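Take a look at the structure below.
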Amino acid sequence: MDFDFNLILVPVTLLFIVLWLLDKFVFKQRERKGRGNENFIITWAYDFWPVLAVVLVLRSFLYEPFNIPSDSMVPTLETGDFILVNKFEYGVRLPIINTKIIDVGEPERGDVAVFRYPPQPTISYIKRIIGLPGDHIVYDRGQLSINGEQVKKVPLEFSRVKDIQDTPNALYYKETLGTHTFTMRELEGVNVARQAPFLNHINHGQYASMQGLYWEVKVPEGHYFAMGDNRDQSADSRFWGFVPQENLTGRAFFIWMHKEPGFKLPSFSRNGSID
C-alpha cells in the first residue's frame with residue numbers, strides 16, 4: 001500500500017470545482033452557449049466535480065479501500081485481499097496532510113489498523129495494535145504480557161487452519177487482545193525478534209543477547225505498538241519502533257474481495273469482517 005490516491009483526487013477535484021465556479025460566475029459559457037456547446041474543459045468540470053467530490057468525501061472521511069500487498073498479516077489477511085478501512089473511527093482528518101480536525105475516538109487494543117509507516121510516511125502499513133499509550137509490554141519465550149497480564153494464547157491443531165502459503169514449521173494460536181480474538185501464526189525455531197533493530201537497541205542493547213526470546217517496552221503517550229499476525233514474517237514495531245498517533249489512518253474492518261496476481265478472476269470467498 002505505497003501510493004496515496006488522494007494526491008491525484010484532491011487537486012483534480014479542486015481544479016474542476018474552481019473551473020465550475022469560474023464559469024458559473026465569470027465566463028458563463030454554459031449560460032450563453034447552452035449545455036454541450038461550451039469548451040470541453042468546462043463540460044468536464046460540470047459533469048465530474050460532483051462525482052469527484054462525493055468520492056473524495058467518502059475516501060477521506062468515511063471509508064477507503066486498500067489492497068494487501070504482503071503476508072505479514074496471514075492468516076487474518078492474505079496477499080491479494082481488498083479491504084475497507086473505517087477512516088472516521090480514529091478521528092476525522094484532512095486528506096494528504098492527515099491533520100486531525102475532529103477527535104472521534106482512539107484505537108482499541110487488538111484493532112487491525114492502517115497507518116502511515118513511521119520511517120517513510122508516504123507508505124501505508126497495516127498491523128494489529130498490540131500496545132496502547134502507556135502500556136508495558138513484555139515478551140518472554142513466546143508469551144506476551146501487557147501491564148502484567150498474560151495475553152491469552154491457545155494452540156490450534158494444524159489441520160484446522162487453511163493457509164495456502166503454509167510451511168512445515170508453522171504454528172497457530174488463538175490469541176485474545178481486548179475484544180478481539182484472532183488466529184496468530186508463528187514459525188517454530190525462527191523468532192524474527194532476534195533480528196529486530198528497535199528491540200535490540202532499547203536501553204543501549206539491553207536485550208540483544210537474549211536472541212529475541214525476551215524483551216519489553218513501555219509505549220510512550222501518543223504512540224502505539226503494532227505487530228503482524230504472521231509474527232515471524234512481519235516487519236513491525238519490533239523493527240522500527242512506535243506508531244505516532246498522528247500517523248493513524250483508520251481501522252480495517254471488512255474484506256470485500258480477493259484477487260490473486262496475474263490474469264485471474266477476483267474471488268469473493270474470503271468476504272467478511274476482520275477481527
Side-chain angles (χ1 to χ4, degrees), residues 1-70 77-104 113-126 246-272 274:
M1 301 187 290
D2 56 2
F3 178 74
D4 186 356
F5 184 66
N6 279 341
L7 292 174
I8 294 176
L9 182 60
V10 171
V12 171
T13 303
L14 291 177
L15 174 62
F16 280 161
I17 290 176
V18 169
L19 289 173
W20 172 73
L21 288 173
L22 285 173
D23 188 69
K24 198 78 174 173
F25 299 105
V26 181
F27 303 139
K28 300 186 177 181
Q29 285 193 18
R30 173 159 290 192
E31 181 180 323
R32 289 186 290 103
K33 298 180 180 181
R35 178 183 176 88
N37 296 318
E38 67 275 348
N39 186 284
F40 74 95
I41 293 294
I42 300 298
T43 302
W44 287 2
Y46 274 90
D47 291 346
F48 293 131
W49 84 258
V51 176
L52 292 174
V54 169
V55 172
L56 178 60
V57 169
L58 287 174
R59 286 180 57 94
S60 300
F61 305 118
L62 300 177
Y63 304 103
E64 184 173 358
F66 284 91
N67 173 236
I68 304 301
S70 73
L77 299 171
E78 296 181 1
T79 301
D81 282 345
F82 286 76
I83 65 171
L84 285 177
V85 173
N86 185 318
K87 299 290 291 287
F88 62 85
E89 193 163 320
Y90 297 161
V92 177
R93 298 173 183 271
L94 293 175
I96 300 181
I97 60 175
N98 212 46
T99 301
K100 185 187 288 188
I101 55 174
I102 301 177
D103 192 3
V104 178
V114 172
F115 52 88
R116 293 182 295 151
Y117 178 43
Q120 192 174 346
T122 56
I123 298 175
S124 292
Y125 263 34
I126 183 167
E246 60 266 23
N247 283 44
L248 294 172
T249 299
R251 181 179 65 86
F253 70 97
F254 192 78
I255 302 172
W256 62 275
M257 188 178 75
H258 180 85
K259 172 68 170 60
E260 293 291 328
F263 298 101
K264 295 184 179 180
L265 294 174
S267 166
F268 300 96
S269 60
R270 288 182 46 77
N271 287 24
I274 299 171

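Please read these numbers as outputs of a predicted model, since none were measured by experiment.
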Minimum heavy-atom separation for K87 to S60, with atom names?
NZ-O, 3.7 Å

Test of understanding: with side chain to side chain donor-acceptor pair (under 3.5 Å), list the residues that count as partners of [X], not counting sequence neighbours.
X	answer
Y46	D23
R93	none
N86	E89
S267	S269

Run the side chain to side chain contact (heavy atoms under 4.5 Å, CB included) check on L94 and I97 step by step: do they pass?
CA-CA 6 Å; L94 293 175; I97 60 175; 3.7 Å; yes

Would you confirm whether [X], through its side chain, and [Y], through its main-chain N or O, come within 3.5 Å as a donor-acceptor pair?
X	Y	result
D81	I255	no
N247	F115	no
K259	K264	yes
K33	G36	no

Is P95 close to F61 at the side-chain level, that is, under 4.5 Å between some pair of heavy atoms?
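They are in contact (side-chain heavy atoms under 4.5 Å apart), so the answer is yes.
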
Could you check if a side-chain atom of L62 sits within less than 4.5 angstrom of a side-chain atom of F88, using non-hydrogen atoms only?
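They are in contact (side-chain heavy atoms under 4.5 Å apart), so the answer is yes.
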
Using side chain to side chain contact (heavy atoms under 4.5 Å, CB included), reason through T249 and F66 one step at a time and then give a plain yes or no.
CA-CA 11 Å; T249 299; F66 284 91; 4.2 Å; yes

Just how far is it from atom [atom1] of [X] to atom [atom2] of [Y], taken to the nearest 0.5 Å?
X	Y	atom1	atom2	value
I274	I83	CD1	CD1	5.0 Å
N39	Q29	CG	CD	5.5 Å
Y63	F254	OH	CZ	12.0 Å
L52	I17	CG	CD1	8.5 Å
I68	T79	CD1	OG1	8.5 Å
F268	H258	CZ	NE2	11.5 Å

For the aromatic rings, using the six-membered ring if either is Trp, is the centroid distance between F16 and W20 under 6.0 Å?
no

For this output row, return yes or no: ring centroids of Y117 and Y125 closer than 6.0 angstrom.
yes

I would like to know whether R59 and N6 meet side chain to side chain contact (heavy atoms under 4.5 Å, CB included); could you show each step before the answer?
CA-CA 8 Å; R59 286 180 57 94; N6 279 341; 3.9 Å; yes

Apply side chain to side chain contact (heavy atoms under 4.5 Å, CB included) to R251 and Y90, showing your working.
CA-CA 8 Å; R251 181 179 65 86; Y90 297 161; 3.4 Å; yes

Assess whether a salt bridge exists between K100 and E246, defined as any Lys/Arg side-chain N lying under 4.0 Å from an Asp/Glu carboxylate O.
no

Which residues pass the salt bridge (Lys or Arg N to Asp or Glu O under 4.0 Å) test with K24, sequence neighbours left out?
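In terms of salt bridge (Lys or Arg N to Asp or Glu O under 4.0 Å), with neighbours along the sequence ignored, K24 is linked to no residue.
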
Suppose we screen for salt bridge (Lys or Arg N to Asp or Glu O under 4.0 Å). Which residues come up paired with R30, at least two apart in sequence or across chains?
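Counting only residues at least two positions away or on another chain, R30 forms a salt bridge (Lys or Arg N to Asp or Glu O under 4.0 Å) with E38.
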
R32, CZ atom: more than 12 neighbouring heavy atoms under 6.0 Å:
yes

